[in-house]
Student: 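Okay, here's the structure, questions in a sec.
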Amino acid sequence: MKYQTQKIAYAYFLVAMILFAVQVSMGLILGWIYVSPNFLSEILPFNVGRMLHTNSLIVWLLLGFFGAAYYLVPEEAEREIHSPKLAYLQLLILIVGTAGVVVTYLFNLFDGNFLLGNEGREFIEQPRWVKVGIVVAALIFLYNVTMTVLAGKKTAITNILLLGLWLLSLLFLFAFYNPANLALDKQYWWFIVHLWVEATWELVMASILAFLMLKLTGVDREVIEKWLYVIVATALFSGILGTGHHYYWIGMPGYWQWIGSIFSTLEVVPFFGMMAFAFVMVWKGRRDHPNKAALLWALGCATLAFFGAGVWGFLHTLHGVNYYTHGTQITAAHGHLAFFGAYVALNLAIITYAFPILKGRDPYNQVLNMASFWLMAGGMVFMTFTLTFAGTVQTHLQRVNGEFYMDVQDQLWVFYVMRFGSGVAVVLGALLFIYAVLAPRREVIEPGPVITTAAE
Amino acid sequence: MSITRAWAVLMALSLASTAIAWSGAGGVWAALAILTLAWGKAQVILNRYLRLSQAPDISRGVALVLGLFMAGVMGLAVAGG
Amino acid sequence: MSRTPTEPPARGIEALPGDLMMWVLIVSELLVFGAGLLAFMGVRLTDPAGFAEAQSHLDRTGAGLNTMILVTSGWLAARAVAAAESADTARTRALLAGAAALGVAFLWIKWLDYAAKGAAGITFETHPFFTFYYLLTGFHAVHVVAGIVILGLVAIRPRAPTVEVGAMFWHMVDLVWVLLFPIIYLLGAGA
C-alpha cells in the first residue's frame, strides 16, 4: 500500500461483502419460494424479498465501486485522498440509508408518507429521505475524489472512472421525477436503470479492469489506454440509444423498435472488446504477478460479462424476438449472468487484488479464493442455462400456445428446483470467498518469481 | 488516383445511377446496376477521400465487409423483385 | 502523411491514416446504418407494392442533386486536408467553408423534402417505408449538422491532424449517403 488513505477502501469492501452475503442469501430464499411458493409468505412477501435481493446487490456493487475508486485513485493520482473523514462519513450515510430501506420495507412502515414512505418503483423504491441521503453521499464522494484527482496526476483510468461515476450520479437525479403517466414514468425510469448498467457502469468497469490489467500484466500504460478509449467509445455509442430496447412495448413511438434493436445489438461490441482486451493483455504481459486469484477473477469477469451481458442480452434484444420473450425467465437468465459477470466478478476481482495489499500480507489463501471463483461461476453458469431452458419452455407454452401464466409456472417446477441447487453453489462460493479474503492464513501457493521491473 | 480524379469518378457514377433511375428502367437488373454503382462510389470514398488505400490490409478487410453488405442488399433486392 | 523512404511501410492497424478513435466512430456508424438499411430491405420483402407506392412520394431529383452536392463537398474537405498539411491556413479555411456551405445546401434541399412530406400528412406512422425513411435520412441529416459544426470548429485553428479528423467525419457522412440514397430512393423506382 503506497498511500495511507487507500485504507478507506478496506471499510467499503468490508460492508460490500456483508451486503453481498445478504444478497445471495436472500436470493436463495427467493429461489426456494419458486420451488415452494408459500414459504415465508406471511412474514417475508416475495416482492419484499425480491426488492432486498436486487437492492442489496446494487448497493454493494456501488460500495465496491466507491471502494475501488478510493483504492486506485491515490495510486493513479499519486496523492492521498483529499479527506478521509468525508469518505467515512459518506459510508456512514449509505449504511444508515440502507438500514432505513430494509426496516421500512420489512415492517411496512410509513405507508404513503411523502418523506418516509416507500416509493414502490422497482430498484428506486427507497423512501425519499434515503434518496436524498444517496445524493448527499454521492456529492461527498464526487467532491472528495475529484479534488484528489485535480490536485494530482490525471490518467486515462481516473478520467474514465470519474466520468462514469459523475454521470451515474447525475442520472440518479431522475429518481426524484415520478410522472403520473405510467409510460412517461417508465421512460425516465430507464434513464437510471439502463443508462447505469449499460453505459455508465461500463465506464467504471472498463477503468477498473484497465487498472487491474496494468498492475497484473505489466503491459505499457499507453497500450492499455488505447484499449480503454476504444471500449468506452463503443460502450457509449451503443449504450445510450440502446435504451430504445426498453421502449418497445411501453407506449413509446414504434420507431424505437428499430433504434433499440440496432443500437442494443452493438452493445455486444464493448463487452467483446473488454474480453479481448483482458486476454490480449495477459498474453502480451511480461509480469508474472503472484496474485493469480485476482487475474482469474479479472479474466472470468471479462469472459462472463461478454456471455451474460453480450450474448445473453443479444438473445432477446431484437424486437421481433422480444415480442415473445419479454419478461419471461429468459430475462432472469440474462440478468443473473450479466450482473454476475460484469459487476459482481469485477468487484470480487478488485477486492481480491486489493485485500492482500490492504492487509499487508500478499499473496495469501489463493486456492480457497480460486475455488470460490469456480463454485460461484459454475453455479451461476448452470443457473443461467437452467433459466434459459425454463424461459424457452415458458415462451412457447405461454406466449405461443397461450396457456395461463400460473399453469405454465407449474410446468417449470423442475427447472426451479435445479436453479435452487445452483443457487446453493453460488451462496457457498460467496461465503467461501469472504472467508478466503478475510481469514488470516499463511499462503498456500508458492509465490511466482517476481520480476522487479519499474512498476508500469 | 488524385482527389480530383476521385471526385470526377464519383460524379460520373452518381450521374450514371440517376440516369438509370430517370430512364424508367425497372426491375432486378436496374436495381443491381444502381447498387453496383453505389458500391463503386463507396469504395472510392473509402480509399481516396478517407485514404484507406494507405493501409492495404485494413482496406481489404473493409472491402470484404462492404462486399458482404452489398451482396446482402442485392440478394434482398432480387428477392423483393 | 508522407513517410520517409527509409522507414519500413507500416502494416495492419498501424498503417491506418488519421485518428484511431475517428475510425472507431466511423465503423460504428457504418454498422448502424448498414443494419438499418438491411432491415429496410428485409421489411420491404413483406410488402413490395406498398414500399414502391410509398417511395413514389419521394423527391428523387432533389436527392440525386444532394448526392452530387455531398460528393463535391467531400472533395473540398479532402483538399482542405492537403492545404492544412502544407500549412496554408487561409486556403484551408476557405476550403472548409466551402465544404460546410455545401453541407448547408444539402440540408436546405433535405428540408424541402421533409416539408413536402409534412404538407402531404406523411409521418413516421404512415407506412413502414416512412418509418425507415425518416429514421435513416433523419439520422443522417443530424450527422450532416454535426459535420458542419465540426468543420467549423476545426477551421478555427486549422492544424493538419485536426482538419484531417474533421474531414474524416465529413467523408463518413458522405459515404453513408451514397449507400443510403440508392437503396431508399432509387431501388425499384422504375417498376
Side-chain angles (χ1 to χ4, degrees), chain A residues 156 159-160 163 199 202 206 222-245 247-248 251-274 276-277 280 284 310 314 317-323, chain C residues 12-14 16 18-47 51 54 114 117 122-143 146 165 168-169 172 176 179-180 183-184:
Chain A
N159 287 347
I160 301 291
L163 179 68
E202 280 183 58
E222 284 160 43
V223 178
I224 285 179
E225 287 182 348
K226 198 176 250 181
W227 276 90
L228 183 58
Y229 281 127
V230 172
I231 290 166
V232 165
T234 54
L236 290 178
F237 181 87
S238 61
I240 293 172
L241 281 172
T243 316
H245 70 168
Y247 290 170
Y248 296 162
M252 300 285 278
Y255 51 77
W256 281 106
Q257 296 180 351
W258 292 106
I259 298 177
S261 292
I262 291 171
F263 279 92
S264 67
T265 298
L266 290 180
E267 285 182 31
V268 180
V269 174
F271 284 108
F272 181 79
M274 279 190 263
F277 166 61
V280 170
K284 274 187 160 180
F314 174 71
T317 201
L318 298 176
H319 67 263
V321 176
N322 194 270
Y323 181 74
Chain C
I13 205 155
E14 298 301 323
L16 209 54
D19 191 76
L20 174 66
M21 293 311 290
M22 186 45 80
W23 279 107
V24 171
L25 180 70
I26 289 174
V27 170
S28 303
E29 299 276 9
L30 291 179
L31 287 173
V32 167
F33 280 102
L37 289 170
L38 282 174
F40 167 83
M41 292 299 291
V43 176
R44 183 170 171 264
L45 289 183
T46 64
D47 180 17
F51 269 64
Y114 285 146
K117 300 291 156 303
I122 295 171
T123 70
F124 260 107
E125 310 287 338
T126 305
H127 187 272
F129 177 89
F130 287 109
T131 307
F132 281 104
Y133 165 76
Y134 279 119
L135 264 185
L136 292 168
T137 62
F139 207 55
H140 177 263
V142 171
H143 284 82
V165 168
M168 282 170 74
F169 185 89
M172 181 264 292
V176 167
L179 293 171
L180 189 155
I183 293 176
I184 302 248

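Proteins come first, then strands; the chains are lettered A, B, ... in the order of their sequence lines, and each starts at number 1. Hydrogens, waters and symmetry mates play no part in the numbers below; they use all other heavy atoms, side chains included.
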Student: Report, as yes or no, whether the 6.0 Å neighbourhood of atom NZ on C:Lys117 holds more than 12 heavy atoms from other residues, nucleotides or ligands.
Tutor: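 Yes, NZ of C:Lys117 has more than 12 neighbouring heavy atoms, counting only those of other groups under 6.0 Å.
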Student: With rounding to the nearest 0.5 Å, note down the distance linking CZ in C:Phe139 to CG in A:Leu241.
Tutor: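 Spacing of CZ (C:Phe139) from CG (A:Leu241) equals 5.5 Å.
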Student: What pair of heavy atoms forms the shortest contact from A:Gly254 to C:Glu125, and how long is it?
Tutor: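 Here A:Gly254 and C:Glu125 meet closest at N-OE2, 3.8 Å.
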Student: Sort A:Phe237 into side chain, backbone, both or neither according to what part of it lies under 4.5 angstrom from a heavy atom of chain C.
Tutor: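 The side chain, not the backbone.
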Student: Return the option, out of C:Leu31, C:Leu20, C:Val32, C:Leu25, with the maximum number of heavy-atom pairs under 4.5 Å with chain A.
Tutor: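 Heavy-atom pairs under 4.5 Å are most numerous for C:Val32.
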Student: Crowded around C:Phe124 CZ? As in, over 12 foreign heavy atoms under 6.0 Å?
Tutor: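 Yes, because the 6.0 Å sphere around CZ of C:Phe124 holds more than 12 heavy atoms from other groups.
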Student: Under 4.5 Å, counting heavy-atom pairs only, tell me which of C:Ser28, C:Gly36, C:Ala35 racks up the most with chain A.
Tutor: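 Ranked by heavy-atom pairs under 4.5 Å with chain A, first place is C:Ser28.
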Student: Report, by ascending residue number, the residues of residues 128-136 of chain C in heavy-atom contact with chain A at a distance under 4.5 Å; give 'none' if the set is empty.
Tutor: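 Within residues 128-136 of chain C, the residues that come under 4.5 Å of chain A (heavy atoms only) are C:Thr131, C:Phe132, C:Leu135.
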